[in-house]
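Heads up, the thing below is written out as structure tokens.
When reading the values below, keep in mind they use all heavy atoms of this one structure, side chains included, and skip hydrogens, waters and symmetry mates.
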Amino acid sequence: MEYNFSEIEPKWRKFWAENKTFKADNSSEKPKFYALDMFPYPSGAGLHVGHPLGYIASDIYTRFKRLQGFNVLHPMGYDSFGLPAEQYAIQTGQHPVITTEDNIARYRDQLDKVGFSFDWDREVRTSSPEYYKWTQWIFIQLFDCWYNNTSNKAERISGLVAEFESNGNTKVNACSDYNNTFSATEWKAFTEQEKEAILQEYRLAYLADSWVNWCPALGTVLANDEIVNGVSERGGHPVEQKLMRQWSMRIKAYAERLIQGLENVEWTDSIKDIQRNWIGKSIGASVRFPLWRGIEGEATPEHSIEVFTTRPDTIFGVSFMVLAPEHPLVEEITTVEYKDAVENYKKAASLKTERDRQSDVKNITGQFTGAYAIHPFTGDKVQIWIGDYVLASYGTGAVMAVPCGDQRDWDFAKHFNLEIKNIFADKDITEAAYTEKDAVIANSDFLNGLAAKVAMQKAIEAIETKEIGKGKTNYRLRDAVFSRQRYWGEPFPVYYKNGLPVMIETQHLPIILPEVENYLPTADGQPPLGNAKTWAWDTTKNDVVSTELIDNKTIFPLELNTMPGWAGSSWYFLRYMDAQNEAEFVSKKQADYWGQVDLYIGGSEHGTGHLLYSRFWTKFLFDQGFINFDEPFKKMINQGMILGRSSFVYRIKDTNKFITNSLKSNYDTIPLHVDISIVDNDKLDIEAFKKWRSDYANAEFICEEDGTYICGHEVEKMSKSKFNVQTPDELVEKFGADTLRMYEMFLGPLEQSKPWDTKGINGVHNFLRKLCRLFEGELIAGEPTKESLKTLHRTIKKIGDDLERFSFNTGVSNFMICVNELTDQKCNNKAILKEMVILLSSYAPHLCEELWVKLGNEAGTLSYAKFPTFDESILVEANFSYPVSFNGKVRFKVELPLAMNAQEVEKEVMSKEEAKKYLDGKDPKKVIVVPGRIVNVVL
RNA sequence: GCCCAGGUGGCGGAAUUGGUAGACGCGCUGGAUUCAAAAUCCAGUUCCUCUGGAGUGCGGGUUCGAUUCCCGCCCUGGGUACCA
């Protein structure tokens, strides 16, 4: 049988689509399996071979699960809100809806060519109103909830209001930035305005003035995870700190649960670590240092500086304090004498961008304020400084400086010649601070002689007894800014009444993104939605109306910001379960049936963004009883990146002459990227090169001896500008989808990054052709040979094991071994080939469908066939060829029955001629026999 | 700096529990077939000073036996960072 993939493959893809072969049932007697891929952003560039890598793996796995009798959910969709479509709109005026539609069509076309078993009836697009209706709905739920630290879950805001009305806020244990207390009477006396302002401090989605990362070049704020090395992840523009009124998400409330939850998921250690580090839990104590009032002479407890420390055991080592320049107390405490110096320092610090501050770590700066605090245990006066190594946004924005135990404090003390007390027994701190937590504490009153760990506990006890602080856990995780000054995102279902945000009732959703003439910010600096003419909420008609009608009585302005990219992607896995539901975001029934995602495959670059936010929303939806699981992704695999292999030609400087790779060192050359499509196995197609660009039409070449021009190569990220992008389409065209699927798996372990190289693709293609040759002659129905049965069952075992541990590359190898063996055996037995086809069908589904029919089976039944059962008895051997080693070096082999015990094996081996040769007349000190494994003779 | 992952032939990689290092594929070499080419088939392919020896980044250790376990170091990739 000829391997005519270009005929076979489209035929079966059409068959699957027409017969809805991969439609998932919403209820079934079978066990369920939910396999999810990270849905793509449909960019204009289309897919390159790196994109489908994870999809191929999950597709192979889900096809395997179907064969094992699972009801499989394997959906796909598009994360279709985002910046590139908007920027294209700004440049060309093309509406992002159109760009997005076009890109999705291209993606779909490319995806279809690979033969995935997606259930396309469940497709979601985050930018479609039917979808973002529910994103808006979830936002409203978050707005309507607060976090109760006592019950340790999100609760409705109405319950909080009821509590305020009966008891005020004194008994409330909430995750909140609100520090004041009020009684029930006081609460009732507040105006609506005041009440809402307080409630904002409790809501999980809240409006607040907060320091945000403002990116002037992009004209929007960015979340922490959207900034890399102090510049925007997209575009690399500078980012500055700006105080802005923005929607935020109180993800901090879930910090502890986000750490704890990692214990219950099967993710790699590395991605769990990324999340733990990002959340940044640190255990320590908060301590108040009273201010020393030189003039009044005594400290007043109301005036104190609160610090957070992870080393309360080192409290006797405190010799000064440092506040962040932005700390609110700075102005109050600074003495007249130091006023100008402090002001100057503050100004200088505020002018530094985030990036400057980061790159300037070695440059130690600070300024004494003239004020002193009183050490709560020793009563000593300690100087209060400001310094920009202390961050306003972490802890309390103030530190107790312990130079002997913290390198930054040590550096600061050295630089400004401040005291460095040594409170560690037998540790030298003359050259650097001692930062390990294993020292014995000295010079520390009641902590003397204690190990750091014990001292830590004791210090916290003392701090609590003295009522100057308490044990405390801090998290680095900040609340997530949820507003973006963009057009192409979900509009907020929010209008403003007297400056207060009001949620639109959920029955009026979705609030559809308005048309604008211009996608840029407005002249007065409003976000792009400020350009919309129809963008006001009529509370009598419950409809969006013209902004001209705004009267602030019944018609109010709508929110001009849109939601960030991660809004839609934080819950899409739930929508797939019930994608067509118009009444709910997902029905309880479907959410209960499908439950957690059993297998999630995607890149690890989402470790601090998407994977954290979607866990947060899942926990929230769980708290509110909408779903019954609080971790979205049970098992996750992070596929590695496929890197490009760029080809280079070498042009002699200032000429149009090109030198082949091996001779380039003899000349002064410039390497130039050359399109990989005109290079085959590093050999340049010279004619094609001349045609590639007009300036090369007259190029001259200095070639290898055999007249070929050999290119150099380098492994780099795939990108258009490096001419090293390989699209899957070309390869499907040339070799077929089954070859592409198997080759992408054969490249190496899924999780590893690896360079793309088409050199080896022939090997995989030849394997499929070799397989076809097995089907060329007449196929026989009778008993298979013992040999073939062995081959088959060895393969069943290996393929099954490989799939279970996601080792797809060894899976491909094992198929090759199997086909090589069956070819040697000239196997034409139907029973063997049938099982073989089922095994291979998840890797190479098109060809296997074809062979399945050739074997006399009904078309389309292969996907739901039964995965072959491994029969161990077939592989049982009577003999084993023992490798015999002397001092660990294998010298010869002896074939012996496996039934033999150790003594018999030893006797047999030692009686052999070869053994005598290697013994060389000596007596062995010891002979180790591991039955069925090895014999080792120690001389 | 700290945390995580990794380092094996010319190349991609295999070795699942401490037990024959280099499976499988590419590439390369030689041969068969062919007028020729493609395709296919057969044989070989870790290195060396080759009846032997060395060898899984480097140095040590544990063990009868180490790619695998332990200690120290080097390199590559990823994450993160004045986080108190």
Side-chain angles (χ1 to χ4, degrees), chain A residues 228-229 268-278 280-282 284 307-311 314 322 324 357-358 360-364 387-391 393-402 405-409 411-412 435 474-478 604-605 607-608 638 640-641 643 681-682 742-743 746-749 751-764 766-767 769-770 773 798 801-802 804-805 807 809-818 820 881-893 924-930 932-939:
Chain A
V228 178
N229 294 329
T268 60
D269 287 339
S270 93
I271 200 107
K272 284 184 183 184
D273 274 322
I274 288 172
Q275 294 221 333
R276 281 193 202 101
N277 291 340
W278 188 259
K281 181 180 184 175
S282 36
V307 298
F308 173 74
T309 177
T310 54
R311 297 294 303 273
T314 64
V322 187
R357 253 183 151 175
Q358 278 180 20
D360 220 17
V361 171
K362 283 186 192 95
N363 197 1
I364 294 156
D388 67 2
Y389 82 92
V390 178
L391 304 179
S393 51
Y394 182 77
T396 62
V399 301
M400 56 176 225
V402 183
D406 183 288
Q407 193 56 46
R408 291 154 305 172
D409 295 347
D411 292 339
F412 195 85
T435 55
N474 237 340
Y475 299 92
R476 197 180 72 100
L477 183 70
R478 318 276 164 84
S604 59
E605 67 273 17
T608 53
N638 307 112
M641 207 187 344
L643 300 162
N681 271 346
D682 292 337
M742 292 196 84
Y743 185 57
F746 190 56
L747 278 177
E751 306 193 60
Q752 199 171 296
S753 345
K754 54 229 156 196
W756 177 261
D757 193 341
T758 39
K759 261 203 280 184
I761 200 166
N762 286 313
V764 173
N766 286 343
F767 153 75
R769 294 177 27 177
K770 200 165 178 182
R773 258 177 267 135
K798 284 189 167 161
D801 289 354
D802 285 344
E804 289 301 357
R805 63 196 178 99
S807 179
N809 55 327
T810 53
V812 177
S813 297
N814 284 320
F815 281 122
M816 288 173 170
I817 293 167
C818 174
N820 288 346
S881 172
Y882 278 92
V884 180
S885 56
F886 287 76
N887 287 339
K889 289 199 176 61
V890 179
R891 297 299 183 183
F892 59 92
K893 287 182 186 173
K925 280 193 194 131
K926 207 185 207 181
V927 179
I928 285 145
V929 178
V930 184
R933 274 267 152 102
I934 196 169
V935 177
N936 189 20
V937 182
V938 187
L939 290 176

**Side-chain donor/acceptor of A:R276 to base of B:C4, under 3.5 Å** = no

**Prompt:** What about A:N936: does its side chain form a donor-acceptor pair under 3.5 Å with the base of B:C64?
**Reply:**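 Answer yes: a donor N or O sits under 3.5 Å from an acceptor.
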
**Most 5' of A:I274 and A:S807 on RNA chain B, judged by nearest nucleotide** =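 By nearest-heavy-atom nucleotide position, the 5'-most residue is A:S807.
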
**Pairwise 5' ranking along RNA chain B for A:V938 and A:A398, keeping only the more 5' one** = A:V938

Nucleotide nearest [X] when distance is taken to its side chain, options [options]:
| X | options | value |
| --- | --- | --- |
| A:I817 | B:U20, B:C26, B:C24 | B:C24 |
| A:K926 | B:G12, B:C64, B:A84 | B:C64 |
| A:K893 | B:C83, B:U20, B:A84 | B:U20 |
| A:Q752 | B:G19, B:G13, B:C82 | B:G13 |
| A:R478 | B:C24, B:C83, B:G19 | B:C83 |
| A:N809 | B:A14, B:U20, B:A84 | B:A14 |
| A:Y389 | B:C64, B:C82, B:C3 | B:C82 |
| A:N820 | B:A54, B:G25, B:G79 | B:G25 |
| A:F746 | B:C83, B:C41, B:G12 | B:G12 |
| A:P749 | B:A84, B:G13, B:G25 | B:G13 |

For the pair made of [atom1] in [X] and [atom2] in [N], what is the distance, rounded to whole Å?
| X | N | atom1 | atom2 | value |
| --- | --- | --- | --- | --- |
| A:F886 | B:C64 | CZ | P | 18 Å |
| A:D406 | B:C2 | CG | P | 15 Å |
| A:W756 | B:G13 | CH2 | P | 13 Å |
| A:L477 | B:A81 | CG | C1' | 16 Å |
| A:R805 | B:U16 | CZ | P | 8 Å |
| A:Y882 | B:C64 | OH | P | 21 Å |
| A:K925 | B:G65 | NZ | P | 10 Å |

Are any of [X]'s side-chain N or O atoms less than 4.0 Å away from OP1 or OP2 of [N]?
| X | N | result |
| --- | --- | --- |
| A:R476 | B:A81 | yes |
| A:T810 | B:A15 | no |
| A:R773 | B:C41 | yes |
| A:K759 | B:G27 | no |
| A:R769 | B:C41 | no |
| A:Q407 | B:G1 | no |

**Item:** Gap separating the OH atom of A:Y475 from the OH atom of A:Y394, nearest 0.5 angstrom
**Value:**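 The distance works out to 10.5 Å.
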
**Request:** Enter the distance from A:D388:CG to A:I364:CD1 here, rounded to the nearest 0.5 Å.
**Result:**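 Between A:D388 CG and A:I364 CD1, I get 10.5 Å after rounding to 0.5 Å.
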
For [X], which contact category applies under a 4.0 Å heavy-atom criterion: base, sugar-phosphate, or nothing?
| X | value |
| --- | --- |
| A:K889 | sugar-phosphate |
| A:D409 | nothing |
| A:V930 | base |
| A:L747 | sugar-phosphate |
| A:S604 | nothing |
| A:S270 | sugar-phosphate |

**Request:** Give a yes-or-no answer on whether the side chains of A:N820 and A:K770 include a donor-acceptor pair shorter than 3.5 Å.
**Result:**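 A:N820 vs A:K770: donor-acceptor pair found between side chains.
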
**Prompt:** With rounding to whole Å, what would you report as the distance between B:U63 and B:U68 at their C1' atoms?
**Reply:**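 The answer is 13 Å between these two C1' atoms.
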
**Message:** Using atom C1' in both nucleotides, what's the gap between B:U67 and B:A81 to the nearest angstrom?
**Reply:** 34 Å

**Asked** With both distances kept under 3.5 Å, what pairs with B:U67, Watson-Crick or G-U wobble?
**Response**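 Base-paired to nothing in any strand shown.
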
**Asked** With both distances under 3.5 Å as the test, what is the Watson-Crick or G-U wobble partner of B:U16?
**Response** none

**Asked** So, is B:G9 syn or anti if syn means the angle is within 90° of 0?
**Response**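 Syn conformation for B:G9.
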
**Prompt:** Does the distance from a Lys or Arg side-chain N to an Asp or Glu carboxylate O, for A:D273 and A:R276, drop under 4.0 Å?
**Reply:**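 Looking at A:D273 and A:R276, the cut-off is met.
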
**Request:** Please state whether the rings of A:W756 and A:Y743 are parallel, tilted or perpendicular, taking 30° and 60° as the class boundaries.
**Result:**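 Ring orientation of A:W756 relative to A:Y743: perpendicular.
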
